[in-house]
Amino acid sequence: MPELPEVETVRRGLAPVLEGQRIGKVTVRRRKLRRELPGDFEVRLEGRRVRCLDRRGKYLLVRLEGGDVWLTHLGMSGRMVIETGAARLKPGEFHHPSPAAGRHDHVIVRLESGARIVFNDPRRFGLMDVVSEEALEDHPLLRDMGPEPLGNTFSPAHLLARCQGRRRAIKEILLDQKTVAGIGNIYASEALWRARIHPMLPGARMDSGKAAALVGAIRDVLEEAISAGGSSLRDYRKADGNLGYFQHVFSVYDRDGEPCPRHECSGKIERIRQGGRSSFLCPLCQALPGGP
DNA sequence: CGATACACCTGTGTGC
DNA sequence: TGCACACAGGTGTATC
């Protein structure tokens with residue numbers, strides 16, 4: 001689930017709980033996620049104070065005093081759950097200092113405040129690492145990542161340059177994190193629909209008009225999704241401390257067979273396969289130029 | 001370089 | 001109810 005807006009929502013939800021806090025006991029219940037956690041993972045976190053939380057693409061960055069960065073990727077199914085003292089208490093229970101860990105609770109970080117941050121990830125495609133601030137830019141996972149879509153280095157010119165001379169479909173170019181950081185399967189379809197561009201359009205057939213439309217669409221879609229996440233944050237934290245899932249209404253994603261939500265359009269949303277993954281589009285307003 | 005397959009995992013929904 | 005299968009928001013590697 002987590003693409004850039006969801007990770008940003010997690011960041012915003014965790015920030016007030018983590019910032020300024022000293023980290024206490026770190027419990028790793030399963031070391032092997034997508035990669036093996038480093039052997040010194042716990043040692044490098046325990047006793048350290050959290051400076052601030054950042055995000056790079058789909059990576060959550062927790063910067064610690066002393067110069068290390070705790071890095072998390074949520075993969076497909078990862079979540080961060082905030083447990084305060086009262087969380088997971090059943091009615092009638094008075095005190096439960098250490099509630100039993102859930103089925104896929106892989107990493108549990110206790111804070112000085114008594115709150116606990118639980119990383120839960122059924123599919124275990126997530127990962128964590130700790131690196132020094134200096135090594136962060138050269139980290140193999142971040143090194144080749146493209147610009148932040150909401151920053152000012154992500155421009156139509158940049159996108160167009162990534163497309164020039166390539167036969168590869170525009171959607172696959174968008175999913176490549178080297179093009180732009182943080183776009184996943186949902187927001188790729190959503191942004192292309194907004195920009196009225198067919199997901200199969202070859203990169204070489206992009207032009208500056210399409211690139212400008214797509215850059216704008218990506219920004220709009222991501223910003224709206226972040227707002228939706230922000231508005232649901234309060235509710236989720238009240239409910240169960242569960243960060244990372246929120247309801248956002250999509251225009252085309254997972255809506256095949258439904259009418260295109262564009263007022264003036266009478267098309268019906270289709271699902272196609274690209275690179276083993278589903279894409280959703282309206283064949284009328286996203287028609288391929290010259291295509292069927 | 002590109003397209004494709006597959007690998008890593010569990011959970012859920014569907015059809016028989 | 002059981003079982004097989006398809007599919008799911010990500011990404012890294014291998015192979016043609």
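Throughout, a chain's letter reflects where its sequence line sits, starting with A, and its residues are numbered from 1. These values consider heavy atoms only, across backbone and side chains, with no hydrogens, waters or symmetry-generated copies.
Classification of A:Arg29 and A:Asp105 as a salt-bridged pair fails, no side-chain N sitting under 4.0 Å from a carboxylate O. Ion pairing of A:Glu3 with A:Lys58 is absent here, as no side-chain N (NZ or NE/NH1/NH2) approaches a carboxylate O to less than 4.0 Å. Taking a cutoff of 4.0 Å between a charged side-chain nitrogen and a carboxylate oxygen, A:Arg166 and A:Glu172 do not qualify as a salt bridge.
Looking at the side chain of A:Pro122, the nearest of the listed nucleotides B:dG11, C:dA8, C:dG10 is B:dG11. Of the candidates C:dA8, C:dT11, B:dC8, the closest approach to any side-chain atom of A:Phe125 belongs to B:dC8. Taking the side chain of A:His73 as heavy atoms from C-beta on, and the options C:dG10, B:dC8, B:dC1, the nearest nucleotide is C:dG10. When distances run from any side-chain atom of A:Arg103 to the nucleotides C:dG9, B:dT10, C:dT11, the shortest one goes to B:dT10. Nearest nucleotide to the A:Met76 side chain, out of C:dG9, C:dT11, B:dC1: C:dG9.
No N or O donor and acceptor, one from the side chain of A:Arg168 and one from the base of B:dA3, sit under 3.5 Å apart.
Within 4.0 Å (heavy atoms only), A:Arg273 reaches sugar-phosphate atoms of the nucleic acid but no base atom. Across all strands shown, A:Leu141 has heavy atoms under 4.0 Å from sugar-phosphate atoms exclusively, and none from any base. Nucleic acid contact class of A:Arg271 (heavy atoms, under 4.0 Å, all strands): sugar-phosphate only. A:Arg124 comes within 4.0 angstrom of sugar-phosphate atoms only, judged by non-hydrogen atoms across all strands, and of no base.
Taking atom P in both C:dC5 and B:dC6, the straight-line distance is 15 Å, to the nearest Å. Distance noted for atom P between C:dC3 and B:dC8: 25 Å (whole Å).
Phosphate proximity of C:dT11 to A:Gln177: present, with a side-chain N or O under 4.0 Å from OP1 or OP2. Distances shown here put every side-chain N or O of A:Lys32 at or beyond 4.0 Å from the OP1 or OP2 atom of B:dC8. Checking the phosphate oxygens (OP1, OP2) of C:dG9, a side-chain nitrogen or oxygen of A:Tyr253 falls inside 4.0 Å.
Remark: B:dG15 base-pairs with C:dC3. Criterion, Watson-Crick or G-U wobble with two distances under 3.5 Å.
For the pair A:Gly78 and A:Phe119, the tightest heavy-atom approach, listed with the atom from each and the gap, is CA-CE1, 4.1 Å.
Taking CZ of A:Arg162 as the start and CD1 of A:Ile170 as the end, the distance is 10.0 Å to the nearest 0.5 Å.
For the pair A:Arg34 and A:His104, nearest-nucleotide mapping onto DNA chain B gives the more 5' position to A:Arg34.
Going from atom CG of A:Asp176 over to atom C1' of B:dA3 covers 14 Å, rounded to whole Å.
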